[in-house]
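Within every chain, numbering begins at 1; the chains are lettered A, B, ... in the order of the sequence lines, protein sequences first and strands thereafter.
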Number of protein chains: 2
Amino acid sequence: MTGIRQLADYLDISIGTVSRALNGKADVNEETRRRVLEAAEKLGYVPNQSGRSLRKGSTGVVGFMMQTGPEITSQGDAFFMSVFDGVQTVLSRHKLDLVALLCSSNEDPYAYLQRTVARGFADAIILSATRRNDARFELLHRHDIPFISLGRSLTDVGQPWIDLDFEGMAEVAIKRLIKAGHKDIGIIWPHGDLNLGYLFADRCREVLAEHGLALSEDHIFRAKPSEAGGYAVAHEIASRFPRPSAIVLVNEILVTGLYKGLEDAGVKPGKDIAIIGRYSPQTQFLSPALTCFTLSLRDLGISLAEHLLSVMPAYQSNYVGQTSRVIWPMTLIEGTSG
Amino acid sequence: MTGIRQLADYLDISIGTVSRALNGKADVNEETRRRVLEAAEKLGYVPNQSGRSLRKGSTGVVGFMMQTGPEITSQGDAFFMSVFDGVQTVLSRHKLDLVALLCSSNEDPYAYLQRTVARGFADAIILSATRRNDARFELLHRHDIPFISLGRSLTDVGQPWIDLDFEGMAEVAIKRLIKAGHKDIGIIWPHGDLNLGYLFADRCREVLAEHGLALSEDHIFRAKPSEAGGYAVAHEIASRFPRPSAIVLVNEILVTGLYKGLEDAGVKPGKDIAIIGRYSPQTQFLSPALTCFTLSLRDLGISLAEHLLSVMPAYQSNYVGQTSRVIWPMTLIEGTSG
DNA sequence: ACTGCTTCCGAAAACGATTACGGTCGTATG
DNA sequence: CATACGACCGTAATCGTTTTCGGAAGCAGT
């Protein structure tokens with residue numbers, strides 16, 4: 001491993017000058033800078049991360065926290081891979097690197113986050129899968145770590161967030177179904193204590209109430225966020241009496257299993273029961289075509305990164321004046337399922 | 001941020017003793033150790049990562065390199081999340097953390113890897129999506145970084161690897177199809193320059209040859225590793241003349257689109273054309289049921305981690321004697337598609 | 001009282017980078 | 001000629017740990 005010392009010896013100058021040359025400081029002759037850059041390239045020198053960040057107090061990495069395990073995320077990794085890509089393109093312009101902080105399913109997320117921030121692992125954090133009351137927000141706030149969350153929470157410490165417009169989705173979906181004559185609309189509640197579940201259900205209730213309808217407790221179904229979960233809940237739905245005539249759901253993974261489960265139970269999607277959901281690469285080939293909501297994941301990632309930079313002291317100058325909270329719109333793809 | 005200095009001042013002892021107490025060294029009175037541990041807990045002290053790894057020369061993190069972007073990974077949604085989970089459970093026993101190193105789609109993977117290893121970011125690396133000739137192997141070998149790859153390559157620097165048994169899969173699948181009377185078998189070539197494509201195709205050819213059959217070049221189809229790619233290639237297959245009577249493919253994402261594409265083209269999977277593929281959560285609800293190969297992703301992750309530890313000098317004592325190369329078996333799930 | 005062992009702890013040197021500070025040149029200015 | 005100044009670069013302190021080394025204190029044996 002070649003360090004700055006070797007590089008300095010090779011060039012027969014001091015390490016101070018080498019460092020200054022590499023970091024683009026003013027006090028260095030252009031000719032020397034050129035020589036340093038050249039030699040660094042030749043010897044394959046890259047500043048050691050630990051040394052640099054110990055001195056600078058910052059690491060140059062942004063962490064995206066996510067939980068591993070087969071049934072944890074409500075999103076597939078195709079989801080995150082696209083978001084990551086958007087985040088990266090912005091961060092790389094500032095010489096920042098994105099890494100995914102992987103919290104294993106048998107470790108407490110709060111404890112995990114605490115450990116990683118106390119270690120000083122990342123300069124900033126992106127949180128996802130936000131809960132109804134998310135203690136992680138307070139933790140990061142207390143430690144004064146810049147962060148942004150993909151998703152709102154009742155817990156609010158003033159950080160920026162971006163959240164998908166689940167309320168808008170509820171509104172459009174419910175109104176569409178009502179217009180089509182449905183009076184008995186059910187929903188599938190996203191798993192766990194995710195905040196989006198409450199936002200979505202509440203708005204559904206409101207819109208239904210505006211039309212003199214109600215969301216029956218019997219028509220709120222729970223399912224694990226997986227294909228198998230969708231299949232399982234399908235049978236519940238099929239056998240519930242009275243059976244809802246339409247289902248709206250926010251999880252894009254469930255729907256594949258849901259379709260199959262309903263069919264197996266003799267309830268034809270789009271005919272015996274209307275379905276409105278979220279787009280994913282998997283849903284595009286369902287038949288009947290799923291009526292669903294979609295968004296540009298890459299753009300979402302870009303926006304996440306930009307808003308995050310706006311709260312990072314060392315970078316914010318470039319991004320002042322951004323609105324700090326964004327409700328990310330989704331667009332409706334009209335299918336024949338509902 | 002409370003450092004070891006504050007902790008030492010608080011306890012009125014030296015930082016050396018604090019460090020020794022925390023790291024479980026022998027030379028420290030049990031009573032003092034207890035006091036230190038207690039105070040550390042109380043003040044919420046966690047050793048600073050940069051300082052520690054600068055001194056120790058190791059970071060305690062293992063990186064799993066992957067490329068971001070919507071159409072990069074050849075694996076399905078839950079694939080990596082499950083593998084990660086397995087890796088984690090082993091690593092956490094050794095106080096190692098797993099992070100995903102996210103290489104953006106517009107950066108050269110080799111350059112990215114070079115940068116991160118030179119920075120000393122991770123103690124060890126797990127590589128995936130190995131190419132036919134993978135230069136990253138030589139890079140890591142040159143820098144003497146312990147690593148393991150999920151997948152073989154013609155490039156071999158003596159590192160351990162684990163690879164799915166694509167050859168076994170080819171053998172079982174082809175023989176099964178031949179037994180069912182198929183003489184015109186086609187395959188879908190995995191995208192890009194992934195080594196598994198060659199392994200798989202070569203073995204298919206061999207097995208066919210053993211039975212006096214050949215793999216026609218016209219029956220090797222190329223597709224992007226996405227649902228849409230599967231849909232697109234379906235039309236190619238349907239319109240090829242002569243059309244193969246069976247298709248074997250190793251990519252589990254493609255198959256959803258493939259089914260739909262074939263149906264839309266009037267070619268019924270399992271009836272007009274046999275299909276054998278790989279299991280994923282998405283494939284389990286296809287009809288006719290997909291004949292496919294499956295494996296325990298979590299166990300795969302566990303094994304990856306164990307074999308990686310066996311080449312990490314600081315940890316290998318626990319795992320000596322492991323075979324360093326593993327062909328990971330897959331089991332056949334008999335469906336009605338082929 | 002002296003020596004020889006433990007047992008425990010403090011002092012200080014690393015690790016590899018960044019950066020404040022000061023020193024050495026030339027050159028220009030009075 | 002003396003002084004001032006700017007351009008450039010070297011020296012050394014610093015970040016927070018770990019770890020080596022040696023010292024102090026206590027105790028046992030002679």
Side-chain angles (χ1 to χ4, degrees), chain A residues 1-37 39-40 43-61 95 115-123 143 314, chain B residues 1-37 39-40 43-61 95 115-123 143 314:
Chain A
M1 209 73 94
T2 125
I4 201 174
R5 178 102 262 149
Q6 283 75 39
L7 192 52
D9 287 352
Y10 174 82
L11 289 165
D12 201 36
I13 57 179
S14 79
I15 60 169
T17 306
V18 172
S19 177
R20 274 190 300 266
L22 257 19
N23 292 24
K25 301 288 177 182
D27 266 15
V28 48
N29 188 296
E30 274 314 314
E31 165 64 12
T32 341
R33 188 192 304 282
R34 199 190 49 72
R35 283 182 56 224
V36 172
L37 257 15
L43 302 193
Y45 168 76
V46 177
N48 175 284
Q49 180 64 27
S50 307
R52 156 177 289 210
S53 56
L54 176 57
R55 172 63 222 231
K56 303 226 302 181
S58 69
T59 62
V61 344
K95 294 189 180 303
R115 194 158 50 86
T116 55
V117 308
R119 294 205 309 181
F121 195 87
D123 292 348
H143 285 260
Chain B
M1 208 73 96
T2 128
I4 202 175
R5 177 101 263 151
Q6 283 76 40
L7 193 52
D9 287 352
Y10 174 82
L11 288 165
D12 202 35
I13 57 179
S14 79
I15 60 170
T17 306
V18 173
S19 175
R20 276 190 299 266
L22 258 17
N23 293 24
K25 302 287 176 180
D27 266 16
V28 49
N29 187 296
E30 273 315 314
E31 165 65 12
T32 2
R33 187 194 303 281
R34 198 190 49 72
R35 284 182 55 224
V36 171
L37 257 14
L43 302 193
Y45 167 76
V46 177
N48 175 284
Q49 180 63 27
S50 307
R52 157 176 287 206
S53 55
L54 176 58
R55 171 62 223 224
K56 302 225 302 182
S58 68
T59 61
V61 344
K95 294 189 181 301
R115 193 159 52 88
T116 55
V117 307
R119 294 204 306 181
F121 195 87
D123 291 349
H143 286 260

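- Where S19(A) and T17(B) meet DNA chain C, the nucleotide closest to each residue was compared, and T17(B) sits on the side nearer the 5' end.
- Residues from residues 23-33 of chain A that place a heavy atom under 4.0 Å from any atom of DNA chain D, listed by number: D27(A), V28(A), N29(A), T32(A).
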query = Can Y10(B) and T2(B) be said to form a side-chain contact (heavy atoms from CB on, under 4.5 Å), step by step?
reply = CA-CA 11 Å; Y10(B) 174 82; T2(B) 128; over 6 Å; no
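- Residue whose closest nucleotide on DNA chain D sits further toward the 5' end, between G16(B) and I13(A): I13(A).
- Residues S19(B) and I4(B) have side chains in contact (heavy-atom distance under 4.5 Å, counting atoms from C-beta outward).
- Considering only heavy atoms from C-beta on, V18(B) stays 4.5 Å or farther from Y45(B) through its side chain.
- Atom CZ in R5(B) sits about 9 Å away from atom P in dA11(C), given to the nearest Å.
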N/O-N/O pairs, protein side and nucleotides 13-16 of chain C side, under 3.5 Å:
residue: dA14(C); atom: N3; partner: R55(B); partner atom: NH1; Å: 3.1
residue: dC15(C); atom: O2; partner: R55(B); partner atom: N; Å: 3.2
residue: dG16(C); atom: N2; partner: G51(A); partner atom: O; Å: 3.0

task = Show your reasoning for whether side-chain contact (heavy atoms from CB on, under 4.5 Å) applies to V36(B) and I13(B).
result = CA-CA 10 Å; V36(B) 171; I13(B) 57 179; 3.9 Å; yes
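- The main-chain N or O of L11(A) is found under 3.5 Å from a side-chain atom of R35(A) such that the two form a donor-acceptor pair.
- For the residue pair S53(B) and T59(B), no side-chain donor N or O sits within less than 3.5 Å of a side-chain acceptor on the partner.
- Distance alone, capped at 3.5 Å, is enough to place a donor-acceptor pair between the D123(B) side chain and the G60(B) backbone.
- Bracketed by its first and final contacts, the part of DNA chain D lying under 4.0 Å from non-hydrogen atoms of chain A reaches from dC8(D) to dG16(D) in 5' to 3' order.
- The closest donor-acceptor contact from the side chain of R33(B) to the backbone of K25(B) lies under 3.5 Å.
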request  = May I have the step-by-step check of side-chain contact (heavy atoms from CB on, under 4.5 Å) for N23(A) and R52(A), ending in yes or no?
outcome  = CA-CA 11 Å; N23(A) 292 24; R52(A) 156 177 289 210; 4.0 Å; yes
task = Decide yes or no on side-chain contact (heavy atoms from CB on, under 4.5 Å) for T17(A) and R20(A), but give the supporting numbers first.
result = CA-CA 5 Å; T17(A) 306; R20(A) 274 190 300 266; 3.4 Å; yes
